[in-house]
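In each ligand, atom 1 is the first atom listed, and ligand 1 is the first ligand listed. Basis for what follows: all heavy atoms, side chains included, without hydrogens, waters or symmetry-related copies.
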Amino acid sequence: MQNTKPVDKILLSRRAALRRLTAAAAAALGAMARVKPARGASRPSAAAIAVRVLLDERRGSIRPALYGHFTEHIGGVIYDGIWVGPQSKIPNLDGIRLALVEHVRRLGPVAVRWPGGCFADRYHWRDGIGPRERRPRRFGRWRDDTEPNHFGTHEFVRFCRLCGVEPYFAANVGTGSPEEFQQWVEYANAPPGSTSLAEERASNGDREPFKVRAWGVGNESWGCGGKFTPEDYCAEYRRFTEWVPGYGVPLYLIAAGPSGNDLGWTRRFFARWADGARAPIHGWAPHYYCGTTGHALEFSTDQWYEMLHKANHMEKLIADQWAALGEFDRERRIKLVIDEWGAWHPAGTEINKAHLFEQMGCLRDALAAALTLDTFNRHAEKIDMANVAQLVNNLHSLFLADGEKFVPTPTFHVFEMYRPHQGAEAVRLEIDDPGVAFKAGGREEKIFRLAGSASVSQKKLTLTLVHAHASEPAEVSLQLRGAGAAAAAAARTVLAHPSLNAHNTFENPQEVVPRTGPLDQRGAELRIVLPAASVNRLDISL
Ligand code: AHR
């Protein structure tokens, strides 16, 4: 962690700052739309929230791929975000932005999806190989801009290798053919010299195969990926996957799932799939965005809760989609792959108008990311991979880059804070959650106040907790139960800020960063105060 200011000092300075706000002024600030939201109170509510970690109740291993990313040829993700070109004065490795590589490396051996998104269903992989200056220039998928194809298969694999992540390719069903897909797999994976495509790959600089395991067969096939019916997409899926060569690589094939929690798409696809030859499917890929109608940075307290509430729908989506899969796949061979998720705000906060869908990410987005990662951890046995949309200069991004400027968003810090969960064993967590009431669309709603997840690796317990209350801290009484349940040492890391819309900028990159400090408690029961609107990680040696 970059900053080591002790947590208790932060809490004290926050309390001092908050004391300056009168209750009336704070209430007015919280209620007004389009003002900088602020906190109203500083004391924990009377009763401590009970949290129990059940160390003996294991829920499966948390694959690093759950913490994956998505990189599409759209706006500023590839060009300006990842690719600056080898001649650029921006520090780069073979044309790839160095600062990005250094930061992605900190996030673990995750999976990264490319080249789309909607772009995937009009991408012809041959456009992106061979000498760069001779590659065809095409209309971009998203605007009438030009796709130069300077970033193609070799450049993406190079990016993945530099970052230590696994490549996940999304193939073109909408405007491509089964043959084109199969040849892409062959080009990527055939052993040296075994076929003409393997030789072509070598002549383009990579003799050794890329060994790409994960392949998406189309994207959002109900929409930009071809506007198929589930039945028609299932027929296409069969054609595309019938003769895919493996070349010794155990392919992991992913079918395009629904928009959100559309169970109709899932059931109709699998009814056709189960009716006759069952094409190989390893992952089923729903997409879920928690969209807002407001503004990425200007929102009321109710809108703060509303977005977190929407992000929390991921829980139901996973439960429902998993149950629907089980109706057709009784052996449970097919897992969920949530290869697009994140917060999607209306346009207006982009730092570069050419970066389509770029938005500023603030503390609210960081909490949405944290609670989504906690949700994945709690369902680790059902999910093989997930990819936040998108890595840089786009929707729920971890980074913003513009020319020479580069800054990690609060969401980056959440991914880094959550890294110790990767590869650990999820364990069950019980929270006696009191909830928080709020209003959305004139209706009374209730959202969780405290959510989280826990995992164990050897004798280390990682507990992450999202505290949603916008203005009050919470006292937590944490009990460890099961074999060896006593803390020998503990530390904590907190991401919080007095302003709900706090965010990092090129000028002020450290506005929202985690703070780490020791937690001077031992035993099977700990008491901790969590700041309002915070993401918290406890590292406990058992
Ligand atoms: O992430 C942006 C777009 O959102 C993707 O291209 C598409 O798959 C989704 O609709």
Answer with yes or no whether Y289 contacts ligand 1, where contact means a heavy atom under 4.0 Å from a ligand atom. yes
Against ligand 1, does W142 come closer than 4.0 Å with any heavy atom? yes
Got a salt bridge between E147 and R137, using NZ or NE/NH1/NH2 to carboxylate O under 4.0 Å? no
Less than 4.0 angstrom from a charged side-chain N to a carboxylate O is my criterion; do R106 and E416 meet it? yes
Any atoms of ligand 1 less than 4.0 Å from a non-hydrogen atom of [X]? List them with their elements.
{"X": "F70", "value": "1 (O)"}
{"X": "E72", "value": "2 (C), 5 (C), 6 (O)"}
{"X": "N219", "value": "8 (O)"}
{"X": "W344", "value": "4 (O)"}

Ring-ring centroid check [X] [Y], cutoff 6.0 Å:
{"X": "F169", "Y": "W114", "result": "yes"}
{"X": "Y79", "Y": "H150", "result": "no"}
{"X": "H69", "Y": "F415", "result": "yes"}

Side chains of T241 and W215: do they bring a donor and an acceptor to under 3.5 Å? no
Below the 3.5 angstrom mark, is there an N/O of C118, backbone or side chain, next to an N/O of ligand 1? yes
for atom 10 (O) of ligand 1, nearest protein heavy atom and its distance come out as E220 OE1, 2.7 Å
Per atom 8 (O) of ligand 1, closest listed option by heavy atom (Q390, H396, E340): E340
Is it the case that over 12 heavy atoms from other parts of the model lie below 6.0 angstrom from the CZ atom of R332? yes
